[in-house]
There are 2 protein chains.
Amino acid sequence: MKTNFFYKYKTVGLYGLSLAILLLLLRWLELKFLIYEHSFEIYAGIIALFFTGLGIWLSRKLTRPKTETRIVEKTVYRDPSLPFEVNRKEMDALGISERELEVLQLMSQGMSNQEIGANLFVSLNTVKTHAARIFEKLDVQRRTQAVEKAKKIGLIA
Amino acid sequence: MKTNFFYKYKTVGLYGLSLAILLLLLRWLELKFLIYEHSFEIYAGIIALFFTGLGIWLSRKLTRPKTETRIVEKTVYRDPSLPFEVNRKEMDALGISERELEVLQLMSQGMSNQEIGANLFVSLNTVKTHAARIFEKLDVQRRTQAVEKAKKIGLIA
DNA sequence: ATCAAAATCACCCGAAAGTATGAACGAGAA
DNA sequence: TTCTCGTTCATACTTTCGGGTGATTTTGAT
């Protein structure tokens, strides 16, 4: 169906339409200013259309493999039946202090910095400082990443 | 209303506008340098380049990845003998959509909204909307809590 | 063909998070 | 004792999040 087709590719259709309108506008300009050679705009239009198509084709061709390749990290399983124990070795290796670990634990429970501060009886700024150090030591930028990594290396349950 | 119209067909309008500007620029060049003889090839080249770029842009803008085969392997604290499987029952019960689950997964990897958007080929605002819905459905306030809860009820690994 | 849900995007605003820097203080170690 | 480290706090600034609202488009089901 024509209507169906147009509906489905509405955006594309609109682009085409605008292109057509533009070409008409060109015609009008041409007549208005009495430009000599009429064929140029037609050529330009054809070239434009052709190379737009080419660009689309190129893009599709070149970005094809990008959608499928999605690599992720190695899976590390841990038996849940065993009681959790903090990996002190990793803690030492990364130089993470006791206090920082506490912050990390509360952080992993979804607490805000404010709440963590209230829990540990320290100020918001202190929590921020701890957090910043944690991020630095774990080499991450966000708390979510920190929690992620801390769990992976066995700092928190 | 004019603003409304423009808003509605913003993309098309911008497209047309840029096209018009380009053509006007060409015209200007034409008049300025009076190079009627050997100018055609130059015009053709410019137009070809521009529209190739446009085509690529269009393609990138309009097409989205066909099959988003995303394999998310992460640290699992459950039974290591069993492979992770999304708890569809909970998903349905909470009314969490497929897309929202994707956002949730990327969120759990510590990605920022910006990064998630880049990964899913959508805008930051869209990610925010999804996130807001997720928080609402999971009844949480922060992303860390969302990840926490999603893991608990088996939405993500 | 129509209708509802899902997905998309935008804008505003305030809150929270994160960065950078500096500094005070106590406990141990050199 | 001097020096380092961990802890604490502050100020200022930038970025990101999250809430609220409204809108359009796509899609699937009836």
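Bear in mind the structure is a predicted one, so any value in this text is a computation, not a measurement. Chain A is the first sequence line, chain B the second, and so forth, proteins listed ahead of strands; every chain is numbered from 1.
Considering only side-chain N and O atoms, A:Arg142 lies nowhere under 4.0 angstrom from the phosphate OP1 or OP2 of D:dT16. Dashed line: the shortest gap from a side-chain N or O of B:Asn125 to OP1 or OP2 of C:dC9 is not under 4.0 Å. A sub-4.0 Å separation between OP1 or OP2 of D:dT7 and a side-chain N or O of A:His130 is absent. Put simply, A:Thr126 has no side-chain N or O that comes within less than 4.0 Å of OP1 or OP2 on D:dT7.
When distances run from any side-chain atom of B:Lys128 to the nucleotides C:dA17, D:dT7, C:dC12, the shortest one goes to C:dC12. Relative to the side chain of A:Phe135, the nucleotides C:dA6, D:dG6, C:dG18 differ in distance, and C:dG18 lies closest. The A:Ser123 side chain lies nearest to D:dA10 when the options are C:dA16, D:dA10, C:dA7. Minimum atom distance to the side chain of B:Thr129 is reached by C:dA10, of the listed C:dA6, D:dT7, C:dA10. The listed nucleotides are D:dT16, C:dA16, D:dT7; the one nearest the side chain of A:Glu98 is D:dT7. Comparing D:dC17, D:dT7, C:dG18 against the side chain of B:Asn113 picks out D:dC17 as the nearest.
Both A:Leu120 and A:Met91 sit in one connected hydrophobic cluster of ILVMFWY residues. Membership requires side-chain heavy atoms under 4.5 Å apart, directly or through other members.
Remark: P of D:dT8 and CD1 of A:Ile116 are 13 Å apart, rounded to the nearest angstrom. As a whole-Å value, the separation of A:Leu120 CG from D:dT8 C1' is 12 Å. Atom-to-atom, CG of B:Leu104 to C1' of D:dC17 comes out at 16 Å; the value is rounded to the nearest Å. For the pair B:Phe121 CZ and C:dC9 P, the computed distance is 12 Å after rounding to whole Å. With rounding to whole Å, B:Leu124 atom CG is found 14 Å from C:dC12 atom P.
Residue order along DNA chain C, read from the 5' end via each residue's closest nucleotide, puts B:Arg133 first among B:Arg133 and A:Thr144.
Judged purely by atom type and a 3.5 angstrom limit, A:Lys137 has no side-chain atom pairing as donor or acceptor with the backbone of A:Leu94.
The 12-atom threshold is not exceeded at CD of A:Glu136, counting heavy atoms of other residues, nucleotides or ligands nearer than 6.0 Å.
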